[in-house]
Structures are given as C-alpha cells and as structure tokens.
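Note that ligands are numbered from 1 as they come in the structure, with each ligand's atoms numbered from 1 the same way. Bear in mind that the values here come from a model prediction, so they are computed numbers and not experimental data.
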Amino acid sequence: MDLKDKVAVVTGAARGIGRAIAVALARRGATVAACDVALGENADETVRLCREAGGEGRAFALDVSQPARVTEVMGAVAAAFGHLDILVNNAGIAIDGLLLRTKDEDWGKVLDVNLSGVFFCCRAAARHLLKAKDGGRIVNVTSVVGEQGNPGQVSYAASKAGIIGLTKTLARELAGRSLCVNAVSPGFIDTVMTAEHVQGKAREELLAKIPLGRIGAPEDIANAVAFLCSPEASYITGQVLRVNGGMLM
Ligand code: NAI
C-alpha cells in the first residue's frame, strides 16, 4: 500500500483507462477523486471498484475544459480529504478527420478537452500539489499518435503532442519544489474509444504492427501510471513512458 494516505485526482475516470488508473491507485491505498464529465452508473462503478480494491473513492462531476469548474473541483477535493498529492490527466476525446475535412469546431473541441483541459487541471491542482508531503505527482496521458502522427487524427495528434511539451515544461518549472511531472504514452488499448474509432481491417493492420502481438489492456497503462506515482519513482521527472507493446520504440 505504497500510496496510503495519498489523495489523487483522476480525470476521465468513469470508464476505460481512467477507471483502471483509479482502481490501480486505490489498490495501492490512495483516496481517489474520480472525475468525469458524465457522472452516473459508470462513475459509481469506478468508485465501487476503488473501495473494493482497498482504497477510498468519491465521484466528482468535472468537465476539464471549464477552467472555473476545474479550480472549484481541485479545491473541493483538497478540502474534502485534507490535501491533494497526485493529479492524473487522463480525460480525452478524439474527433477523427483528414485535414481538409476537419471543421474549426471539431479542432476546437479536441484541443479544449485534450490540451487546454490538461493545462487547466495542472494550474488549478499545482497550488495544492506543491504542499504535498514527500512531493506531489502529475501524470499526463498522451498517445503514440502524438509522438508519430496518424493520418485522419490531426487535432488529436496535435493535442497529444502538445501534452508532451507541457509535461516537460512543468517538470522543469516544478522540479525545485519536488513536484514530478511525467507522461504515459499508450499505444493501442482496448477501450470504448478504440472500439469506436478503429474497426475491422484497420484493427487487424494495427495489431500486426505490435511486436508483443496483442492489444493493450487499460490495466497495462494503469500499472505504469501507478508506478510513476509511487515513492520508487521519485527521481523520474519530465519523461514520456511508452506503454505500447513495442509498436513505437
Ligand atoms: P474513453 O473514451 O473510453 O474514456 C474517456 C473518459 O473521459 C470517459 O469517461 C469520458 O466521459 C471522459 N471525458 C471525456 N471528455 C471529458 C471532459 N471534457 N472532462 C472530463 N472527462 C471527460 O477513452 P480511453 O480509451 O479510456 O482513453 C483515456 C485516455 O487515454 C485518453 O486521453 C486517450 O486519448 C488516451 N489514449 C487512449 C488510447 C487507446 O488506445 N484507448 C491510446 C492512447 C491514448
């Protein structure tokens, strides 16, 4: 229980990778604020799984693209649990389209959630994380697509590449205050997002590019995030940890 007495905010925690991260942190003893734009059965299930795993959990309604609400929720979490030690920026969306077909509106939506949302959460959480005992942690979820590009995902790739620059900058800015900032870069992970966006032949072709020969599970990402939040990772900052079955080395 190496995260006992730690309080963590996980965004996009109602399903998929975010839920797996919430549960992985709870299993290590953390109290998890499971934040999602859509509360309801899914978020409740995340909270239930966190408790079953041995940690504590509570759901918070949070649209990461709304800066005033982000500030409110970070304050509410710190007030409810006494402190805030870990922020995992996992919430993300994809609206696919080739360059010439990408509408201004869709470009804006993806950047607002995936990149501005990470910025808003980091800025609002930082004032609390800087007071964390033994140093705070931020882990941002980027993507293999942000590192190598992907036709048809111009907004998504740009937002995920932006997260890497943001992560390295904050790592440099906050290192002097013992706040470690890293990114995890998933490859192809089995969630609703991939089920919606990668189907049929495209799925087979992607699978063929993964040396380990399987699609990743949300828990593969969650374990990497939990490691970066652990005391054992206290000398790691500004890094992008790839968890992709070898599809990008
Ligand atoms: P998902 O679509 O299954 O879950 C995303 C969660 O984020 C949902 O619960 C959704 O309600 C929430 N969310 C969406 N907009 C939000 C907002 N504005 N504020 C708060 N919460 C919001 O997605 P999945 O697959 O679990 O992905 C999680 C993260 O991992 C995303 O950032 C995604 O870009 C990234 N990723 C996923 C990969 C995959 O293969 N599934 C690969 C690489 C990165």
Q: Give a yes/no on ligand 1: does T142 have at least one heavy atom closer than 4.0 angstrom to it?
A: yes
**Q.** Identity and separation of the nearest protein heavy atom to atom 18 (N) of ligand 1
**A.** D63 OD1, 2.9 Å
Q. Nearest to atom 5 (C) of ligand 1, what protein heavy atom do you find, and at what distance?
A. G92 O, 4.0 Å
Q. Is the closest N or O pair between R15 and ligand 1 shorter than 3.5 Å?
A. yes
Q. Which residue and non-hydrogen atom of the protein lie closest to atom 11 (O) of ligand 1, and at what distance in Å?
A. D36 OD1, 2.6 Å
Q) Identify the closest protein heavy atom to atom 23 (O) of ligand 1: which residue and atom is it, and at what distance? A) M193 CB, 3.6 Å
(Q) When you measure from the side chain of S159 to the backbone of L111, do you find a donor-acceptor pair of N or O atoms at a distance under 3.5 Å? (A) no
**Q.** Basic-acidic side-chain contact under 4.0 Å: D190, R203
**A.** yes
Q) Identify the closest protein heavy atom to atom 25 (O) of ligand 1: which residue and atom is it, and at what distance? A) T191 OG1, 2.5 Å
(Q) Going by the closest heavy atom to atom 38 (C) of ligand 1, which one wins out of S143, G40, G187? (A) G187
Q: Only heavy atoms count here, so choose which of I17, N90, D112 is nearest to atom 29 (C) of ligand 1.
A: N90
Q | Residue pair I189, T194: steps toward the side-chain contact (heavy atoms from CB on, under 4.5 Å) verdict | A | CA-CA 7 Å; I189 310 301; T194 45; 5.5 Å; no
**Q.** Side-chain ion pair, E204 and K201, N-O less than 4.0 Å
**A.** no
Q. Could E105 and K109 be called an ion pair, given the rule that one side-chain N must be under 4.0 Å from one carboxylate O?
A. yes
**Q.** Q199 atom CD: more than 12 heavy-atom contacts under 6.0 Å
**A.** yes
Q: Do me a favour and list the nearest non-hydrogen protein atom to atom 20 (C) of ligand 1 with residue, atom name and distance?
A: L62 O, 3.1 Å
Q: Determine, for R15 against D36, whether the closest basic-nitrogen to carboxylate-oxygen distance falls under 4.0 angstrom.
A: no
Q. Is the closest N or O pair between V113 and ligand 1 shorter than 3.5 Å?
A. no
Q) Quick one: does Q66's side chain have a donor or acceptor within less than 3.5 Å of a partner on V64's backbone? A) no
Q) Does some non-hydrogen atom of Q66 fall short of 4.0 Å from ligand 1? A) no
Q: Please work out which of V141, T46, N89, V37 has its closest non-hydrogen atom nearest to atom 30 (O) of ligand 1.
A: V141
Q | Proximity flag I93 to ligand 1, non-hydrogen atoms under 4.0 Å | A | yes
Q) What residue and heavy atom of the protein are closest to atom 34 (O) of ligand 1, and at what distance? A) Y156 OH, 2.5 Å
